[in-house]
Amino acid sequence: MAFTLPELGYAYDALEPHIDARTMEIHHTKHHNGYTNKLNAAIDGTDLDGKSIEDILTGLDMTNGAVRNNGGGFYNHSLFWKVIAPEDRGRLSGPLKDAIDAAFGSKDGFAEAFAKAAGTRFGSGWAWLCKHDGGKVEICSTPNQDNPLMPGVGCGGTPILGIDVWEHAYYLNYQNRRPDYVKAFIDIINWNEVERRYEAS
Ligand code: MN
């Protein structure tokens, strides 16, 4: 059972001016599609074939570069499209708000810490908000297409929010101005979805 490229759930231009249509289209149809196809090729005929992506990543042999890079790329982008949205984003509330306030003092404190993690990730990678057992939340970052589900990446728990800071995610519109892209991303976080993931994990 091969993995398939998920739909965004909104139009490529729906996130403008925060993220431009051309970037969204290339990111989805070229980058995410490429990870999806290469993941399928890497697991075809192996004992990973038929497992869920979560099971593949949590039990990953980190020396398996093809599955690490493309399985990470498939999972990370599938999450990325859902945790931002053009509308009906809701607002931070409930148990997730309590956890964020406990960890960062406030929503502004969270935004500052998240922007710092995204801004200081050298080269390509991701910054994450993760939920740990008991409900505590933590911000961390990973290089390349690694993610907190993978063993031994120094960043654990269940990812409930993630930002792609590879240049392909922002370069056409923001060039080298990663902090401006991160700020725009934070403005379009789909809190309804992040909260749903917090409560489901
Ligand atoms: Mn990407």
Side-chain angles (χ1 to χ4, degrees), residues 2-43 53-54 56-57 60 62 64-86 89 114-130 139-150 153-155 158-190 193-194 197:
F3 292 103
T4 55
L5 180 68
E7 297 292 328
L8 297 187
Y10 44 81
Y12 290 126
D13 64 359
L15 300 177
E16 289 195 353
H18 300 83
I19 305 179
D20 65 282
R22 185 79 177 127
T23 295
M24 290 296 291
E25 182 173 6
I26 295 170
H27 203 171
H28 185 240
T29 63
K30 305 295 183 190
H31 294 277
H32 196 185
N33 194 48
Y35 295 124
T36 305
N37 292 337
K38 288 176 186 170
L39 170 63
N40 286 331
I43 63 173
I53 188 62
E54 290 83 2
I56 288 173
L57 297 180
L60 185 63
M62 294 293 276
N64 185 339
V67 175
R68 180 178 179 176
N69 292 332
N70 295 299
F74 173 78
Y75 176 92
N76 296 347
H77 291 85
S78 300
L79 179 147
F80 181 73
W81 312 128
K82 298 300 180 192
V83 296
I84 46 179
R89 294 187 288 260
F114 191 72
K116 185 178 179 190
T120 56
R121 163 51 54 192
F122 182 75
S124 298
W126 292 73
W128 305 100
L129 178 67
C130 297
I139 286 170
C140 61
S141 83
T142 52
N144 303 314
Q145 294 297 353
D146 286 356
N147 73 43
L149 297 180
M150 296 176 181
V153 295
C155 181
T158 303
I160 58 173
L161 172 67
I163 180 171
D164 186 345
V165 296
W166 285 56
E167 283 189 343
H168 68 227
Y170 63 88
Y171 201 85
L172 289 181
N173 196 34
Y174 293 96
Q175 294 83 48
N176 63 321
R177 302 188 311 277
R178 188 192 288 183
D180 291 348
Y181 156 70
V182 173
K183 188 171 180 300
F185 174 95
I186 289 170
D187 284 344
I188 54 169
I189 290 174
N190 182 352
E193 176 66 13
V194 180
R197 288 171 185 262

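On a predicted model such as this, the values are computed, not experimentally measured, just so you know. First listed ligand is number 1; within each ligand, the first listed atom is number 1.
Among all heavy-atom pairs drawn from Ala21 and Glu16, the shortest one is N-OE2, 2.8 Å. Ile84 approaches Ile19 most closely through the heavy-atom pair CD1-CD1, 3.9 Å.
In this model, Cys140 has its SG atom within less than 2.5 Å of the SG atom of Cys155.
Restricting His77 to its N/O/S atoms, the shortest distance to the Mn ion (ligand 1) is reached by NE2. As for His168, its N/O/S atom nearest the Mn ion (ligand 1) is the one called NE2. Here the N, O or S atom of Asp164 that is nearest to the Mn ion (ligand 1) is OD2.
The aromatic rings of His28 and His32 stand perpendicular to each other, their planes meeting at an angle above 60°, with 30° marking the opposite boundary.
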